[in-house]
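Comments concern the structure below.
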Amino acid sequence: MKSNTKSAAAYNTREESYEQYYHCIRACPKNHQDNNELRSACISKCGESD
């Protein structure tokens, strides 16, 4: 039973960080020719945060 709650907690944490990552990406500039670099930099920055 104990290991079950542990993995559930780990799953919730993973879900939360994915949601934060998703929102972070949505806040990045949209993909246009001129700010493609900006978007790429923004997205990689999103991936760095834990």
Side-chain angles (χ1 to χ4, degrees):
M1 255 338 209
K2 268 187 182 173
S3 62
N4 250 358
T5 52
K6 215 175 207 179
S7 62
Y11 177 77
N12 284 340
T13 305
R14 197 162 59 237
E15 281 285 291
E16 257 175 48
S17 61
Y18 176 76
E19 227 169 274
Q20 286 174 342
Y21 178 68
Y22 179 73
H23 285 296
C24 182
I25 287 181
R26 289 202 45 175
C28 289
K30 293 284 175 274
N31 230 343
H32 292 302
Q33 265 185 312
D34 46 326
N35 63 2
N36 208 355
E37 269 181 51
L38 268 177
R39 182 172 172 82
S40 297
C42 182
I43 288 176
S44 57
K45 207 175 188 181
C46 287
E48 284 170 17
S49 66
D50 257 0

Clusters formed by hydrophobic residues whose side-chain heavy atoms approach within less than 4.5 Å: which one holds Ile25, and what are its other members? Tyr21, Ile43

Take Glu15 and Tyr11 through the side chain to side chain contact (heavy atoms under 4.5 Å, CB included) test and state the conclusion after the steps. CA-CA 6 Å; Glu15 281 285 291; Tyr11 177 77; 3.6 Å; yes

Would the SG atoms of Cys42 and Cys28 measure under 2.5 Å apart? yes

Let me confirm one number: the CZ-SG distance from Arg39 to Cys46, rounded to the nearest 0.5 Å. 9.0 Å

